[in-house]
Amino acid sequence: MKVLVIGAGNMGLTYAEGMVKSALLGERNLQIFDTDPEKIIALKEVSHFDVYDKLEDCLPKADLVFIAVKPYHSDDLFEKMKPMINQNQIFISLMAGVTIESIQERLGAEKVVRTMPNLPAQVGKGVTSYTESDKVSRVELLAIRNLLDTTGESIHVDTQKFIDASTGISGSGPAYVFYFMNSMLEAAKKMGFSDHDSKVLVSNTFEGAVELFNKNDLSPQTWMNRVASKGGTTRAALDSMDDNNVKDLIKEAAYAAFNRAIELGEK
């Protein structure tokens, strides 16, 4: 099985690195394509996969093709790809807001898998939701899932609606966490902590809370109740958030990302 990753940006390179380090691919079975001369030079110094700057040298011989470019670059890319593909190839899209039908129509392909990855894939903690066109078999889908899992975990969803919904939760979600972390960092510094101590306080608090949540079956509300006591400091903070409708604002933000994903797909 030969795998080609088109686009050596953050996400494309993240998946290339994850897949090539796994036992799923044989030696030299992963290829990466990009048009940036500086990236090509840098990547060719990495010995564990083949690097190309011409599609005709790599696309025709690939079995699985990961498309990891910005959506607005896809029109020109697909126009160049179309004469070189065959109907046995499977195309896995990492592009936000680009539907399976759009890829099939513009590329002239039958087997398409649409995914929604997220940034923590860079540290092996990503979550990728995915769904497929009718022509992709169960065996092929299992192979693709195993490749997606090299960067964390994957979740199969039944329809593309859930890909858009995943955009609002996991795809954009890391930015929500960073937003909250940034606010806590600013508060810690305002209280007099150094930059270093503020980072330790905030990052370890997030990491520890997530670890507690993952290792137990308790809900977030139960954990909040365990931390907060009536009339105490935590209750004062939680009451302040409730008074300012923070919960509703976070949900509205997630839906804003979800609705924007739908808009992008319609375009």
Side-chain angles (χ1 to χ4, degrees), residues 1-9 11-16 18-20 24-25 29-35 49-117 128-151 154-164 166-167 171 261-262 264-267:
M1 181 172 62
K2 282 194 173 293
V3 175
L4 169 63
V5 176
I6 296 179
M11 201 55 68
L13 199 54
T14 292
Y15 275 84
M19 290 186 289
V20 82
L24 298 172
L25 298 178
N29 278 342
L30 189 127
Q31 310 164 97
I32 193 163
F33 166 84
D34 203 276
T35 57
F49 47 73
D50 294 325
V51 184
Y52 295 90
D53 58 3
K54 294 180 180 178
L55 276 173
E56 58 267 30
D57 293 338
C58 54
L59 179 56
K61 57 188 178 184
D63 300 304
L64 303 178
V65 182
F66 283 75
I67 304 172
V69 301
K70 299 295 184 184
Y72 55 83
H73 288 153
S74 62
D75 283 336
D76 289 341
L77 174 65
F78 288 170
E79 187 177 347
K80 294 174 183 176
M81 290 173 63
K82 192 171 183 178
M84 306 179 202
I85 71 167
N86 66 73
Q87 294 305 323
N88 291 320
Q89 292 173 310
I90 306 174
F91 299 89
I92 302 100
S93 169
L94 303 177
M95 299 180 291
V98 182
T99 65
I100 289 174
E101 293 77 14
S102 171
I103 296 170
Q104 288 177 315
E105 180 181 351
R106 291 183 292 150
L107 194 54
E110 293 183 342
K111 297 181 179 182
V112 178
V113 176
R114 182 182 170 191
T115 75
M116 173 42 60
T128 304
S129 58
Y130 67 99
T131 194
E132 75 285 354
S133 63
D134 293 339
K135 296 293 185 178
V136 180
S137 71
R138 289 187 178 183
V139 173
E140 291 169 334
L141 200 62
L142 178 60
I144 291 165
R145 176 168 192 160
N146 288 335
L147 290 173
L148 295 176
D149 283 347
T150 62
T151 61
S154 59
I155 298 174
H156 181 260
V157 295
D158 292 332
T159 68
Q160 293 184 77
K161 173 186 175 182
F162 291 103
I163 297 292
D164 293 327
S166 298
T167 304
I262 295 173
L264 289 172
E266 291 173 347
K267 289 182 181 180

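The analysis underlying the following values was restricted to heavy atoms, covering all of them including side chains, and did not include hydrogens, waters or symmetry mates. The structure displayed is predicted, hence computed values, not measured ones.
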| query | salt bridge (Lys or Arg N to Asp or Glu O under 4.0 Å) between R114 and D164: does it pass, once the steps are laid out? | reply | CA-CA 10 Å; R114 182 182 170 191; D164 293 327; 2.8 Å; yes

Locate the shortest heavy-atom distance separating [X] from [Y]; write the atom from each residue and the value.
| X | Y | value |
| --- | --- | --- |
| M95 | K70 | SD-O, 4.5 Å |
| I32 | A8 | CD1-CB, 3.8 Å |
| Q160 | T99 | OE1-CA, 3.3 Å |
| P71 | A96 | CG-O, 3.4 Å |
| A68 | G12 | CB-CA, 3.5 Å |
| S93 | I103 | CB-CD1, 3.5 Å |

N/O donor-acceptor pair under 3.5 Å between [X] side chain and [Y] backbone:
| X | Y | result |
| --- | --- | --- |
| D149 | S154 | yes |
| E132 | V113 | no |
| K80 | D76 | no |
| T167 | I163 | yes |
| Q87 | K111 | no |
| Q31 | A62 | no |
| E105 | S102 | no |

I need the [X] [atom1] to [Y] [atom2] distance, nearest 0.5 Å.
| X | Y | atom1 | atom2 | value |
| --- | --- | --- | --- | --- |
| N29 | K2 | CG | NZ | 4.5 Å |
| L94 | I6 | CG | CD1 | 10.5 Å |
| L148 | F66 | CG | CZ | 5.5 Å |
| D34 | Y52 | CG | OH | 14.5 Å |
| M11 | T128 | CE | OG1 | 8.0 Å |
| Q89 | D63 | CD | CG | 7.5 Å |

| request: Answer yes or no: is there a side-chain heavy-atom contact under 4.5 Å between I67 and L77? | output: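 The answer is yes, as the side chains (C-beta and beyond) meet within the 4.5 Å cut-off.
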
| message | Can you confirm whether L4 sits close enough to L59 that some side-chain heavy atom of one is under 4.5 Å from a side-chain heavy atom of the other? | response |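 Side chain of L4 against side chain of L59, heavy atoms only: contact under 4.5 Å found.
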
| said: Please determine whether side-chain contact (heavy atoms from CB on, under 4.5 Å) holds for the pair F78 and I85, giving the CA-CA distance in whole Å, both sets of side-chain angles, and the decisive distance to 0.1 Å. | reply: CA-CA 10 Å; F78 288 170; I85 71 167; over 6 Å; no

| request: Begin with the C-alpha distance, continue with both residues' side-chain angles, and end with the deciding distance and a verdict on side-chain contact (heavy atoms from CB on, under 4.5 Å) for R106 and D75. | output: CA-CA 8 Å; R106 291 183 292 150; D75 283 336; 2.5 Å; yes

| request: Could you walk me through whether M1 and L147 pass side-chain contact (heavy atoms from CB on, under 4.5 Å), step by step? | output: CA-CA 11 Å; M1 181 172 62; L147 290 173; 4.3 Å; yes

| query | In this structure, which one of L30, T151, I92 forms a side-chain contact (heavy atoms from CB on, under 4.5 Å) with Y15? | reply |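 Running side-chain contact (heavy atoms from CB on, under 4.5 Å) over L30, T151, I92 with Y15 returns exactly one hit, T151.
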
| request: Give the intermediate values and the outcome of side-chain contact (heavy atoms from CB on, under 4.5 Å) for residues M19 and F49. | output: CA-CA 10 Å; M19 290 186 289; F49 47 73; over 6 Å; no

